[in-house]
Asker: 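Structure in structure tokens, see below.
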Amino acid sequence: MGTLVTLDLPADSPVADLPWVITIGSLGDEEDWEPVVCGPYERAHALALAQAVVADEQLMAVVEPLLPRPDAEAIRDEIHLARAAAEAPTGGDEESDEEYETRRVRPGRPPTEAEVRAGWSRIASRLTA
């Protein structure tokens, strides 16, 4: 059984509407290969596909939002925000592994190719609006 890592979002998070990517790599040090990055997908499709892929293999899947930015300055702004967040005092000790929640999930039905393609159309519409 593999591992799936993703953000735990509130139900009304606008981040859920972004396109999402899946990065799949080796779970341990035994294998030496470059991770595979797939997407973009709608969040539900990304999660279902990642679960289906890692369900029976020793793989790690990271499902995360893709931040479409139209120019270099917008990308620099995101980098600035990320750096500022990393440097901001957290008010406590360094995060430990115990602060992360682990949930066991059973893989559901992965989306069909037609469902994924329909999702791509919706993503394209949002990106070009």
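These numbers were taken from a predicted model, which means no experiment stands behind them. One is the number of the first residue; the rest follow in order along the sequence.
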Asker: If hydrophobic clusters are built by linking Ile, Leu, Val, Met, Phe, Trp and Tyr wherever their side-chain heavy atoms come under 4.5 Å apart, do Val37 and Val53 end up in the same one?
Answerer: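 No, it is not one cluster - the side chains of Val37 and Val53 are not joined through contacts under 4.5 Å.
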Asker: Would you give the length of the straight line joining atom CG of Leu4 to atom CD1 of Ile24, rounded to the nearest 0.5 angstrom?
Answerer: 9.5 Å
Asker: Same cluster for Val36 and Leu66 if Ile/Leu/Val/Met/Phe/Trp/Tyr side chains link at under 4.5 Å?
Answerer: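 No, separate clusters.
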Asker: Rounded to the nearest 0.5 Å, how far apart are CG of Leu59 and OG1 of Thr3?
Answerer: 9.5 Å
Asker: Quick one: closest heavy-atom pair of Pro110 and Leu49, and the distance?
Answerer: CB-CD2, 4.2 Å
Asker: Is a donor on one side and an acceptor on the other found under 3.5 Å between the side chain of Trp120 and the backbone of Pro40?
Answerer: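 Judged by distance alone, yes, a pair lies under 3.5 Å.
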Asker: Given the rule that I, L, V, M, F, W and Y join up when any side-chain heavy atoms are under 4.5 Å apart, are Val5 and Val54 in one cluster?
Answerer: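 Val5 and Val54: separate clusters.
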Asker: Is there any side chain to side chain donor-acceptor pair (under 3.5 Å) pair reaching into residues 36-45, and which pairs are they, with sequence neighbours excluded?
Answerer: Glu42-Arg122
Asker: Restricting to pairs with a member in residues 107-119, which pass salt bridge (charged side-chain N to carboxylate O under 4.0 Å, His left out), not counting sequence neighbours?
Answerer: Arg109-Glu115, Glu113-Arg117
Asker: What's the separation between atom CH2 in Trp20 and atom CG in Leu7, rounded to the nearest 0.5 Å?
Answerer: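 If I round to the nearest 0.5 Å, the distance is 4.5 Å.
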Asker: Restricting to salt bridge (charged side-chain N to carboxylate O under 4.0 Å, His left out), what partner residues turn up for Glu73, sequence neighbours left out?
Answerer: Arg76
Asker: Suppose the criterion is side chain to side chain donor-acceptor pair (under 3.5 Å): which pairs have a residue in residues 58-71, not counting sequence neighbours?
Answerer: Arg69-Glu78
Asker: Report the C-alpha separation of Met60 and Val62 in whole Å, then their side-chain angles, then the decisive distance to 0.1 Å, and conclude whether the side chain to side chain contact (heavy atoms under 4.5 Å, CB included) test is met.
Answerer: CA-CA 7 Å; Met60 174 180 278; Val62 178; 4.3 Å; yes
Asker: Going by the rule side chain to side chain contact (heavy atoms under 4.5 Å, CB included), which residues pair with Pro68 if we only count those two or more places apart in sequence or in a different chain?
Answerer: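 If we apply the side chain to side chain contact (heavy atoms under 4.5 Å, CB included) test to Pro68, skipping adjacent residues, the hits are Leu18, Pro19, Leu127.
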Asker: If I take atom CD from residue Gln51 and atom CD1 from residue Ile22, how far apart are they, to the nearest 0.5 angstrom?
Answerer: 10.0 Å
Asker: Among all residues two or more places apart in sequence or in another chain, which pass the side chain to side chain contact (heavy atoms under 4.5 Å, CB included) test with Pro10?
Answerer: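 Side chain to side chain contact (heavy atoms under 4.5 Å, CB included) list for Pro10, sorted by chain: Asp12, Ser13.
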Asker: Can you get from Leu9 to Val21 by hopping between Ile, Leu, Val, Met, Phe, Trp and Tyr side chains that sit under 4.5 Å apart?
Answerer: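 Different clusters: Leu9 never reaches Val21 through Ile, Leu, Val, Met, Phe, Trp or Tyr contacts under 4.5 Å.
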